[in-house]
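Encoded as structure tokens, the structure appears first; notes follow it.
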Amino acid sequence: MAKLVSEFYVLDVDHITGSNNEAIIRIFGVSDDGKKIVALDPNFTHYFYVTLKEGVDAGVFEEKLKKIYVREGERIFSVIKTEKLRKNYLGREVSAIKVYVNHPSAINKISDEIKKIEGYLDKNEFDIPFSKRYLIDNEICPLTKVRITGEEIDKKNYNVDYLVVIEKIENINGEMIKNPKFLAFDIETYSPRGDIKSNKNKIMAISVFSNYGEKKVFISKKLDGYDYIESFESEDKLIRRFIEYIKKESPDFLIGYNSDVFDFPYLRSKAMEHKISLNIGLDNSQLKFVKHGLYSAARIKGIIHIDLYHFIANVISNTLKTETLDLDSVAREILGYGKVKISWSEMWKIWENGGKDLVKICEYCLRDSELVEKLSEKFLPLMFEITKLVAQPLFEVSRMKFSQFVESYLIKEVKKFNELIPNRPDKDEVEKRKRKTYMGAFVYQPSPGLSENIVVFDFRSLYPSIIVSHNVCPSTINCYCCRGDGNVTPEIGEEKRRYWFCKKRKGIIPSILESLIERRSRIRKIMKEVKKGSSEYIILDARQQALKTIANSMYGYLGFARARWYCLECAESITAWGRSYITSVIEEAKEKGFDVIYGDTDSIMIALKDKTKEDAINFLEKINKKLPGMVLLELQGFYERGIFVSKKSEIEHGAKKKYALIDEKGEITIKGFEYVRRDWADIAKETQAKVLEMILKNKDVDGAMDYIRGIIKKIKNNEVPLRKMAIYTQMTKEFGDYASMGPHVVAAKKASDRGYKIGPGVLIEWVVTKGVGKISDRATLLEEAIEKNLTYDPDYYIKHQIIPATKRILEALGYSFEEIEGKQTRLGGFIEREEKNEGR
DNA sequence: CGAGCCCGGGG
DNA sequence: GTGTACGGGCTCG
């Protein structure tokens with residue numbers, strides 16, 4: 001076959017092992033005209049570093065190192081080359097040896113042998129995966145264009161247009177993929193009794209919706225007469241067709257919502273049941289679940305499977321108003337429309353009845369895919385830009401959290417500083433780090449409760465500004481060269497500790513951060529020249545967001561127990577400076593006669609009272625003239641009314657804001673009241689929502705209090721329907737496997753003894769009934785309680801549901817935690833008062 | 001108090 | 001075949 005020069009966008013990278021136990025990099029890509037390519041690069045050698053004890057003869061060490069090999073059956077793992085180097089390591093210079101190995105897995109196999117060599121100090125960078133090392137060292141970035149020279153070979157069993165062996169590879173100006181093919185998909189399963197875990201039930205339908213005009217529903221029952229619906233008489237035919245369809249379409253991105261945890265596991269288990277191979281990989285390999293922290297991620301070779309839920313939960317959620325991240329809520333907020341409304345019980349009845357109504361299930365299913373595709377169009381630009389920054393495969397990036405973005409970015413960037421990457425902490429170290437806390441942000445709270453006519457100021461990127469302005473970095477802290485001088489922190493803690501940061505050498509983290517910030521402001525300038533809403537604008541906007549995301553995560557990263565560049569003293573110094581800036585602004589505001597009602601971390605809220613908006617803006621301008629360097633205060637907005645929560649001290653780092661505001665348009669912003677989970681009874685959720693609304697919209701505090709009193713009274717008088725008291729908990733294992741019998745387990749066990757069929761995956765609806773003993777003794781299945789005409793335990797629901805759900809709001813209105821939960825509770829007061837009133 | 005367990009998303 | 005992984009809150013014991 002012929003020599004070939006080819007240009008394509010990198011989609012994914014991994015490696016395979018050749019017949020001589022050599023590791024071969026494998027790149028999956030797509031060209032401008034949509035042709036798929038697999039490119040094999042056998043020319044890259046994996047390596048790691050060994051650092052040496054002081055005074056050790058590196059030459060002698062190196063000679064011993066070179067001879068190391070381990071034999072395992074037919075395979076030999078060995079050192080193939082070494083280099084003596086000086087590397088920077090957190091502000092020091094160290095003597096290191098770069099060790100090249102014949103295969104990535106050799107590192108593990110030979111490391112015990114290396115440890116035995118006299119003078120060994122540590123190994124570094126041994127856990128940087130081969131394919132990532134390849135990307136970093138060759139400055140290749142997923143989603144961008146590369147040019148390769150190579151030889152085309154026989155495609156073997158690859159489902160692609162070309163298979164090439166690379167001779168040379170280079171990136172082309174970071175040119176970004178132009179028209180990627182997105183295909184969203186969704187499955188609907190038959191699930192009577194709310195049992196969605198057990199895979200015994202059939203897949204009813206699978207839908208797909210693309211960004212290039214495809215929309216289809218496959219259904220496993222007879223239904224004719226719709227051109228977008230393909231009907232099959234059985235589930236296995238449905239699955240076979242779906243696989244065939246994916247192979248034919250070969251989308252670049254296959255996108256689901258919670259598909260790592262639901263759609264793909266379900267699909268795979270059904271495929272196994274029918275003995276169907278889910279071989280949708282471009283190398284004809286089967287869909288695989290790879291460990292990704294707590295859960296498994298579904299990986300398809302060559303097609304990037306994105307589970308959009310992760311990105312929304314990990315990255316987008318704090319910018320959303322919705323507290324729950326189900327597809328319907330997220331779509332409503334972002335797209336303005338949501339899922340098709342069909343209740344679960346309706347759904348399986350439609351299925352059982354069959355006939356024409358089945359189209360409702362198809363419509364429902366298709367809408368889900370449509371929402372996922374539309375949401376992808378909104379969020380993938382940001383995901384793509386983050387991918388470009390961290391230069392890691394999108395499969396991983398789409399599942400990462402902020403600290404992982406930072407770490408990946410640092411790993412890529414420190415190369416420019418000849419800096420050795422620190423090792424990841426082991427379990428014990430993580431535990432040790434987690435036990436240490438430090439003083440977090442400043443929270444100012446002189447007047448909790450309800451306020452009106454509010455102006456909010458924010459420090460622009462406070463923590464990043466501090467890091468850069470004061471050169472905060474694990475490589476510059478308490479440096480020898482600036483003893484007694486340096487950038488000295490404010491006093492920290494009761495013992496009035498101070499640290500200092502180097503004034504002579506710029507640290508790696510401040511340098512990297514500063515260039516992130518500079519790049520971002522350059523982009524923001526360009527954006528002003530570009531038409532809003534144009535595709536160029538959207539890309540630039542995503543780019544500046546990506547830069548901001550990483551910049552803003554740097555502080556949190558330094559205090560993150562699993563971080564390679566963890567530095568508690570750095571994090572502590574940053575919050576110390578932060579506290580000193582915000583307190584000085586608050587002092588100044590008070591001096592000028594402003595009524596400061598709330599301050600938290602980097603924001604200050606002021607009730608205007610007799611002052612005007614202009615006064616506020618003038619104050620802002622004066623303050624900014626005094627602030628040093630990059631530190632800048634900005635106007636965030638004006639609000640009509642707000643509830644502020646009292647918190648006396650804030651020890652945790654990254655203090656959370658806890659307030660609810662309503663702006664001049666009637667929009668409510670809620671921060672920090674997080675009680676919208678399914679393990680809360682409806683009554684608690686409803687009460688919370690109602691109370692917030694009454695206070696913010698109508699300023700009706702008394703009404704809200706009355707409302708809570710009313711609910712408590714209703715609960716006491718047994719007037720609340722049992723259904724609203726139900727708490728939902730899932731069985732995750734068999735009864736015998738539970739070490740401790742939580743309430744839902746006891747409830748389920750009781751029901752099971754009475755003949756209910758209950759196993760792992762079943763959602764238990766339980767209530768706490770009246771009586772004596774532990775909660776679990778009184779936990780009963782809702783159905784059983786209704787049947788037996790049992791009554792709920794008012795005490796439990798007041799203390800464990802209503803109070804916690806409204807606690808923070810009450811606190812905000814001057815009712816403290818202790819008053820509510822202590823013996824002499826104010827709510828106790830409510831109740832007693834009620835009773836007295838009634839008695840009168 | 002620590003240990004154990006569950007939540008999230010999905011039907 | 002490269003390598004890890006969440007964080008918060010409740011209940012039991």
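Computation of the quantities below employed the complete heavy-atom set of this structure, encompassing side-chain atoms and omitting hydrogens, waters and symmetry-equivalent molecules.
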Find out whether the Lys NZ or Arg CZ of R299(A) is both under 6.0 angstrom from the six-membered ring centre of F395(A) and within 45° of the ring's axis.
yes
Please list, chain by chain and in numerical order, all residues satisfying salt bridge (Lys or Arg N to Asp or Glu O under 4.0 Å) with K341(A), sequence neighbours excluded.
D328(A)
Under a 4.0 Å heavy-atom cutoff, the residues of residues 361-372 of chain A touching DNA chain C are none
Counting side-chain heavy atoms from C-beta on, which of dG11(B), dG1(C), dA5(C) comes nearest to Q404(A)?
dA5(C)
Just call it for D307(A): base, sugar-phosphate, or nothing, with non-hydrogen atoms closer than 4.0 Å on any strand.
nothing
Would you say dT2(C) has OP1 or OP2 under 4.0 Å from some side-chain N or O of S131(A)?
no
Donor-acceptor pair, R778(A) side chain versus T769(A) backbone, under 3.5 Å?
yes
Tell me every residue that passes salt bridge (Lys or Arg N to Asp or Glu O under 4.0 Å) with R268(A), counting only those two or more places apart in sequence or in another chain.
none
Closest to the F262(A) side chain: dA5(C), dG11(B), dG9(B)?
dG11(B)
Identify which nucleotide among dT2(C), dG10(B), dC6(B) has an atom closest to any side-chain atom of H744(A), counting heavy atoms from C-beta outward.
dC6(B)
Closest to the T729(A) side chain: dC7(B), dG11(B), dG9(B)?
dC7(B)
Pick out the pairs of N or O atoms, protein on one side and nucleotides 11-13 of chain C on the other, that lie under 3.5 Å.
residue : atom : partner : partner atom : Å
dT11(C) : OP1  : Y796(A) : OH           : 3.3
dT11(C) : OP2  : H800(A) : ND1          : 3.4
dC12(C) : OP1  : S776(A) : N            : 3.0
dC12(C) : OP1  : S776(A) : OG           : 3.0
dG13(C) : OP2  : K774(A) : NZ           : 2.9

Residue list, salt bridge (Lys or Arg N to Asp or Glu O under 4.0 Å) with E370(A), at least two apart or on another chain
none
dG11(B) base / S191(A) side chain donor-acceptor hit below 3.5 Å
yes
What does I312(A) touch in the nucleic acid at a heavy-atom separation under 4.0 angstrom: a base, only the sugar-phosphate, or nothing?
nothing
Closest to the 5' end of DNA chain B, once M347(A) and Y309(A) are matched to their nearest nucleotides, is Y309(A)
Nearest listed nucleotide, side chain of D186(A), among dT2(C), dG3(C), dG11(B):
dG11(B)
Of the nucleotides dC7(B), dT2(C), dC10(C), which one has an atom closest to the side chain of P129(A)?
dT2(C)
Taking the P atom of each, how far is dG9(B) from dG9(C), in whole Å?
16 Å
How many Å lie between CG on L267(A) and P on dG11(B), as a whole number?
14 Å
Which residues share a salt bridge (Lys or Arg N to Asp or Glu O under 4.0 Å) with D777(A), sequence neighbours left out
none
Given V50(A), N423(A), L420(A), the one that forms side-chain contact (heavy atoms from CB on, under 4.5 Å) with E125(A)
L420(A)
Report which part of the nucleic acid K291(A) touches: base, sugar-phosphate, or nothing (heavy-atom distance under 4.0 Å, all strands).
base
Validate the cation-pi geometry between K202(A) and Y190(A): distance from NZ or CZ to the six-membered ring centre under 6.0 Å, angle to the ring axis within 45°.
no
Counting heavy atoms from C-beta on, name the nucleotide in dC10(C), dG3(C), dG7(C) closest to the side chain of K132(A).
dG3(C)
